[in-house]
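Comments concern the structure below.
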2 protein chains.
Amino acid sequence: MYFIKKQFIYLRKNLFGSTFTPLNLDMKNTKPTIHDISKVLNIDSSTVSRALNNSPRVSKKTKDLILKKAEELGYQKNTLASNLRTSKTNTIGVIVPRISRNFFSSVISGIEETGYKGGYNVVIGQTFDNLEREQKLVSTFLSNRVDGLLISISMETTDYEHLENYKKNGGPIVFYDRPVSLKDCPSITINDFEASYKATKHLILKGCKNIVHFSGVQKINLYKNRKEGYFSALKEYNIPIREEYVFEAKLSEEDGIEFAKRILKMKHIDGIYSANDTAAISAIQYLKSNGIKIPKDISVVGFNNDPISAVIEPSLTTINQPDFEMGTIACSLLINLIENKNIQVQNLSKILTSELIVRNS
Amino acid sequence: MYFIKKQFIYLRKNLFGSTFTPLNLDMKNTKPTIHDISKVLNIDSSTVSRALNNSPRVSKKTKDLILKKAEELGYQKNTLASNLRTSKTNTIGVIVPRISRNFFSSVISGIEETGYKGGYNVVIGQTFDNLEREQKLVSTFLSNRVDGLLISISMETTDYEHLENYKKNGGPIVFYDRPVSLKDCPSITINDFEASYKATKHLILKGCKNIVHFSGVQKINLYKNRKEGYFSALKEYNIPIREEYVFEAKLSEEDGIEFAKRILKMKHIDGIYSANDTAAISAIQYLKSNGIKIPKDISVVGFNNDPISAVIEPSLTTINQPDFEMGTIACSLLINLIENKNIQVQNLSKILTSELIVRNS
DNA sequence: TAATAAAATACAATCGATTGTATTTGGTTA
DNA sequence: TAACCAAATACAATCGATTGTATTTTATTA
């Protein structure tokens, strides 16, 4: 029996073209498996597996033998098989609105850094702020058995069934930047309220009386909090709160231009606090091209500290967020949840602090 | 036998807490499989599998029955098992120097777009221009049995063993932006030579006589080609080629500043042609802060058409590349290679055309 | 109605690694 | 040297879906 097996291997390795080759199929799949190693060395595949995983149940002598042969044959573990058996993929799914936004790509870098250190692969998907895409991504991640999910929800997301489904059948979820209050799902966010308060106060102290606020979709807590912070500063300085001073949109470049047009019509606006830099910057450009002097006529504060904000003239006063750090913290928290199933999820959420960067706008 | 099986299912589904439950293990893994459907309906699992894959070998009647029950049980295919059996993952691996660069995130968007349309998941990894990271990523993609690879190599990559290994044991490779001449691996690039020629010519026609060139690592063809294009324009206008006018580095922000310092020392430089916008922009800023007028004293042309290039003052003349398109073309070519194993790989490479965008620098 | 073809379904092996249990080997003690 | 224990290894089931082959059922024709 042993001899036959050994001979079989021999044929397989050396007589490809020969008529003696058992099956042509063998030519396709030349990748060696633990069974190949097992047959060549006449050692059971279970021992081979244990040796490759450095189990204490295998003697050093056979371990060396197996490792050497594995190297020699160019063996590489078939992760698919391993994952199937252990029902663990060592993969983290990341869902992000769009990677082209500097803030998000920095968060991703933080996530990857921590993920790789912890032995996890990181898989990234973009939603482009589209709900359908988000659902599809979550579903893909679920059927690919990603061990856990890091997500910043899309602007269109109001229904959380896909997330609840993942939580139930997939694994833990950690929200970052744009949280959702879902049972047992912690979130890593920044102190939007305080940051907004500081930003608005900065404008007030510079003498602005009529400050508009560029805001995003209110279903996203982050934008609500930023609006509240803006209100709170106005209140403190006895400036009347006027709902018509709050502009809502997706805060794209086009939205910024749209808002700038509105401001020109309103005539008496002297301050802008925008919930992101993208809209602030396009608004500044439009206003400048229409003869408005920044900051003489209108002062502007943005949010995110995009690289462009330092380059535009005048350079943009904005809020800097600990983006990379947000990624590392969210990721290590998620890994913690994946590996310690019985952890208490209460009080795991974290609010990071951001800072106002005063520039020339 | 049948009855026992059926009863087993019954226990499993309804008597969780009961002492009659066969095994506690069952409580962990509640995700239904085709075997669960098979048992409940008393239909063989092979038929269930075929029904779910809409095989013509199953009658419409049983198909409906199975699909309904699958829906009812909340069945979701275990992709791991499927992938293991078919040894296909329907996944494309993308390796990118860094996603934070606008050019690359646009390429990725193009790749995702095409990938999803073709039924492929897209997995992204960043190298940060580090060889070790690149090798690790390729190895991870290989052992995760990604169906094909799209890669823009890192600046440190001079040895291609990891890629050859993937090609041999993994699947097809398509290069984009930064190609490597590896057997049977086509590439999608842009006409760097012509674009550079045009950019340099533009500076010459504006009256520049002493034009320096910011270049990248010469091992990367792209930078070599851009340098050649620059030389070729100089030659055509009988401007002496001076090797000391070519600055080489990784073209980071810091490199741009470093280069600007050199230019200040050289005194007589009146033109800069940079192989990317990042370095061009930081150089402009440094030069401006040192009293140089752009473009009066020194004219500048960049490469990439980063969003910042339109915002900086003066706005930067640069080369716009069809980034999104590069992604879609590279991806559909790769899918083609994955699905048609016997395709002729000759002449599949493609060179896209880019255009000079004249602004105020 | 019997014979036959075609359609529908069941059987069983497989993908490659993991892991609980059983068996063998080698060393130690009485 | 027999008895015993621990270390090392082998056996066999399993993860969940797929797929070639065999069998059963149904429909069709003579």
Side-chain angles (χ1 to χ4, degrees), chain A residues 1-2 5 22-26 28-39 41-66 70 73-90 142-145 169, chain B residues 1-2 5 22-26 28-39 41-66 70 73-90 142-145 169:
Chain A
M1 183 59 170
Y2 154 65
K5 278 193 184 170
L23 273 177
N24 266 348
L25 290 172
D26 280 2
K28 271 198 230 164
N29 214 350
T30 53
K31 268 171 266 175
T33 71
I34 51 168
H35 300 103
D36 294 320
I37 299 177
S38 158
K39 281 175 202 155
L41 295 177
N42 199 30
I43 292 175
D44 191 80
S45 61
S46 63
T47 304
V48 174
S49 170
R50 288 195 168 96
L52 293 170
N53 288 312
N54 200 23
S55 155
R57 279 177 58 174
V58 180
S59 71
K60 179 152 185 351
K61 206 178 119 199
T62 38
K63 249 183 213 170
D64 289 346
L65 204 67
I66 290 168
L73 296 180
Y75 170 81
Q76 244 196 332
K77 146 144 79 174
N78 185 327
T79 313
L80 294 177
S82 174
N83 289 348
L84 173 60
R85 183 59 230 259
T86 58
S87 63
K88 188 161 192 302
T89 56
N90 292 306
L142 180 55
S143 74
N144 277 297
R145 302 293 193 269
N169 299 306
Chain B
M1 184 59 170
Y2 155 65
K5 278 192 185 172
L23 272 179
N24 264 348
L25 290 173
D26 280 3
K28 273 198 231 165
N29 215 350
T30 53
K31 268 169 266 174
T33 70
I34 52 169
H35 300 103
D36 294 320
I37 299 176
S38 158
K39 282 174 201 157
L41 295 177
N42 199 29
I43 292 176
D44 190 82
S45 60
S46 63
T47 305
V48 174
S49 170
R50 289 195 168 95
L52 293 171
N53 288 312
N54 200 22
S55 154
R57 280 177 58 175
V58 180
S59 71
K60 180 155 183 347
K61 207 178 117 199
T62 39
K63 251 183 214 172
D64 289 346
L65 204 66
I66 289 168
L73 297 179
Y75 170 81
Q76 244 196 331
K77 146 144 79 174
N78 185 326
T79 312
L80 294 178
S82 173
N83 289 348
L84 172 60
R85 184 59 229 258
T86 59
S87 63
K88 188 161 192 301
T89 56
N90 292 305
L142 180 55
S143 72
N144 278 296
R145 301 296 193 269
N169 299 305

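Computed over heavy atoms, backbone and side chain alike; hydrogens, waters and symmetry mates excluded. Throughout, a chain's letter reflects where its sequence line sits, starting with A, and its residues are numbered from 1. Small disclaimer: the values here were computed from a predicted structure and weren't measured.
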| request: Ignoring backbone atoms, test whether Lys77(B) places a side-chain nitrogen or oxygen under 4.0 Å from the OP1 or OP2 oxygen of dT18(D). | output: yes

| Taking CD1 from Ile37(B) and P from dG16(D), how many angstroms apart are they, rounded to a whole number? | 13 Å

| query | Among dG16(C), dT14(C), dT9(C), which nucleotide sits nearest the side chain of Ser59(B)? | reply | dT9(C)

| said: If you assign each of Asp44(A) and Arg145(B) to its closest nucleotide in DNA chain C, which residue comes earlier from the 5' end? | reply: Arg145(B)

| When all nucleic acid strands are considered with a 4.0 Å heavy-atom cut-off, which category describes Leu52(A): base, sugar-phosphate, or nothing? | nothing

| task | Select base, sugar-phosphate, or nothing to describe what Val48(A) touches, counting heavy atoms under 4.0 Å on all strands. | result | nothing

| Heavy-atom closest contact (Ile66(A) atom, Ile37(A) atom, distance) | CG2-CG2, 4.2 Å

| remark: In terms of heavy-atom contacts, His35(A) and Ser45(A) come closest through CD2-CB, 3.6 Å

| task | Provide, to the nearest angstrom, the distance between the CD1 atom belonging to Ile66(A) and the C1' atom belonging to dA17(C). | result | 14 Å

| note | Testing dG16(C), dA22(C), dG20(D) for proximity to the side chain of Arg57(A), the answer is dA22(C)

| request: Choose from dT19(D), dG16(C), dT18(C) the nucleotide whose nearest atom is closest to any side-chain atom of Arg85(B). | output: dT19(D)

| query | So, for Ala81(A) and Leu84(B), which heavy atoms are closest and what is the spacing to 0.1 Å? | reply | CB-CD1, 3.8 Å

| field | Spacing between Lys60(A) atom NZ and dT9(D) atom P, to the nearest angstrom | value | 13 Å

| said: Rounded at 0.5 Å granularity, tell me how far CG in Asn78(A) sits from CG in Asn144(B). | reply: 9.0 Å

| said: If I take atom CG in residue Asn144(A) and atom P in nucleotide dA17(D), what distance separates them, rounded to the nearest angstrom? | reply: 13 Å

| Which of the following nucleotides, dC11(D), dT18(D), dG20(D), is nearest to the side chain of Ser46(A)? | dC11(D)

| task | Indicate whether OP1 or OP2 belonging to dC15(C) is found under 4.0 Å from a side-chain N or O atom of Ser87(B). | result | no

| task | Indicate whether OP1 or OP2 belonging to dT18(D) is found under 4.0 Å from a side-chain N or O atom of Ser82(B). | result | yes

| said: Students often get this wrong, so: under 4.0 angstrom with heavy atoms, is Thr79(B) touching a base, only sugar-phosphate, or nothing? | reply: nothing

| field | Rounded distance in Å - CG (Asn78(A)) to C1' (dG16(D)) | value | 14 Å

| query | Under 4.5 Å between any side-chain heavy atoms of Gln76(A) and Leu142(B), yes or no? | reply | yes

| Euclidean distance, atom CG of residue Asn169(A) to atom P of dG16(D) [Å, nearest integer] | 13 Å

| query | How would you label the contact of Thr33(B) with the nucleic acid (heavy atoms, under 4.0 Å): base, sugar-phosphate, or nothing? | reply | sugar-phosphate

| query | Would a 4.5 Å heavy-atom cut-off, applied to side chains only, mark Lys77(B) and Leu52(B) as touching? | reply | no

| Within less than 4.0 Å of OP1 or OP2 of dT18(D), is there a side-chain N or O belonging to Thr86(B)? | no

| said: In whole Å, I'd like the distance from the CG atom of Asn83(B) to the P atom of dC15(D). | reply: 18 Å

| query | So what does Leu80(A) touch, heavy atoms closer than 4.0 Å: a base, only the sugar-phosphate, or nothing? | reply | nothing

| said: Side chain of Asn53(B) only, heavy atoms from C-beta on: which candidate in dA8(C), dA10(D), dT18(D) is closest? | reply: dT18(D)

| message | If you assign Arg50(B) and Tyr75(B) each to the DNA chain D nucleotide with the nearest heavy atom, which residue ends up on the more 5' nucleotide? | response | Tyr75(B)

| message | How many whole angstroms separate atom CD1 of Ile34(B) from atom P of dT14(D)? | response | 16 Å

